[in-house]
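Notes follow the structure.
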Amino acid sequence: QVQLVESGGGLVQAGGSLRLSCAASRRPGSSYAAAWFRRAPGKERDFVAAINWNGMITTYANSVKGRFTISRDYAKNTVYLQMNSLKPDDTAVYYCAADYRTWRLASMVQTNYDYWGQGTQVTVSS
């Protein structure tokens with residue numbers, strides 16, 4: 001079983017920055033792609049960013065392109081989401097997810113991801 005633990009959420013003013021982290025327990029011998037999704041109050045969970053197994057492919061939602069950056073540290077088995085120029089519309093619970101099936105890709109499809117973290121709250125004040 002894979003466990004994902006997010007951290008780094010909090011309250012920030014509009015225009016500020018936060019970095020989310022997602023630490024994964026390793027499944028020996030397996031590569032995985034990782035992604036961040038978010039659920040705003042009263043809305044469905046939406047795709048934010050994804051990174052494939054070797055970090056060579058990244059995908060972003062249009063709403064965060066140029067502001068957010070996804071990256072990974074293999075030594076720490078951790079995936080990051082650097083969020084800059086935050087807006088009140090970025091307020092949501094952010095979830096980390098891992099994909100052990102289509103790991104060569106950086107998929108936006110939620111059903112490709114089999115493992116999910118518990119979520120971390122990000123609140124951006126105006």
Side-chain angles (χ1 to χ4, degrees):
Q1 188 72 4
V2 175
Q3 292 184 329
L4 304 175
V5 179
E6 301 103 332
S7 61
L11 173 64
V12 64
Q13 289 188 334
S17 298
L18 282 174
R19 188 177 79 158
L20 305 183
S21 299
C22 173
S25 62
R26 188 181 299 275
R27 193 166 86 177
S30 297
S31 299
Y32 67 96
W36 291 92
F37 294 81
R38 67 186 181 186
R39 187 194 302 273
K43 296 185 178 180
E44 295 184 350
R45 189 167 58 188
D46 290 329
F47 170 76
V48 176
I51 187 166
N52 78 330
W53 70 285
N54 63 2
M56 296 299 289
I57 301 174
T58 56
T59 309
Y60 295 93
N62 288 335
S63 59
V64 306
K65 278 182 181 177
R67 300 189 298 122
F68 291 10
T69 302
I70 189 170
S71 61
R72 63 193 308 163
D73 184 328
Y74 293 95
K76 296 181 179 179
N77 207 27
T78 299
V79 176
Y80 303 98
L81 185 68
Q82 177 67 43
M83 305 186 295
N84 299 328
S85 302
L86 282 162
K87 306 174 182 179
D89 285 349
D90 294 318
T91 295
V93 177
Y94 283 71
Y95 298 91
C96 174
D99 170 10
Y100 283 85
R101 290 179 287 147
T102 60
W103 44 269
R104 290 185 176 89
L105 307 176
S107 175
M108 298 185 291
V109 179
Q110 293 194 40
T111 53
N112 282 358
Y113 293 88
D114 297 318
Y115 300 97
W116 294 81
Q118 81 288 352
T120 185
Q121 176 70 47
V122 171
T123 303
V124 184
S125 62
S126 57

Joint cluster assignment, [X] & [Y], ILVMFWY side-chain distance < 4.5 Å:
{"X": "L81", "Y": "L18", "value": "yes"}
{"X": "F37", "Y": "V64", "value": "no"}
{"X": "V79", "Y": "W116", "value": "no"}

Can you confirm whether the side chains of [X] and [Y] place a donor and an acceptor under 3.5 Å from each other?
{"X": "N84", "Y": "Q82", "answer": "yes"}
{"X": "R38", "Y": "Y94", "answer": "yes"}
{"X": "N112", "Y": "Y100", "answer": "no"}

Thinking salt bridges, do D114 and R101 make one under a 4.0 Å N-O criterion?
->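 Between R101 and D114 there is a salt bridge, with a charged N closer than 4.0 Å to a carboxylate O.
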Reported OH-to-CZ distance for the pair Y80 and R72, which is rounded to 0.5 angstrom |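 One gets 11.5 Å once the value is rounded to the nearest 0.5 Å.
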Evaluate side chain to side chain contact (heavy atoms under 4.5 Å, CB included) for V124 paired with Q13, printing each intermediate quantity in order.
-> CA-CA 5 Å; V124 184; Q13 289 188 334; over 6 Å; no
Partner of Y32 under side chain to side chain donor-acceptor pair (under 3.5 Å), chosen from N77, T102, D99 |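 Running side chain to side chain donor-acceptor pair (under 3.5 Å) over N77, T102, D99 with Y32 returns exactly one hit, N77.
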More than 12 foreign heavy atoms under 6.0 Å from CD of Q3: is that the case here?
->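 Counting neighbours around CD of Q3, 12 or fewer heavy atoms of other residues, nucleotides or ligands fall under 6.0 Å, so no.
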For the residue pair I70 and Y60, what are the closest heavy atoms and their distance?
->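 The pair with the smallest heavy-atom distance is N-OH, 2.9 Å.
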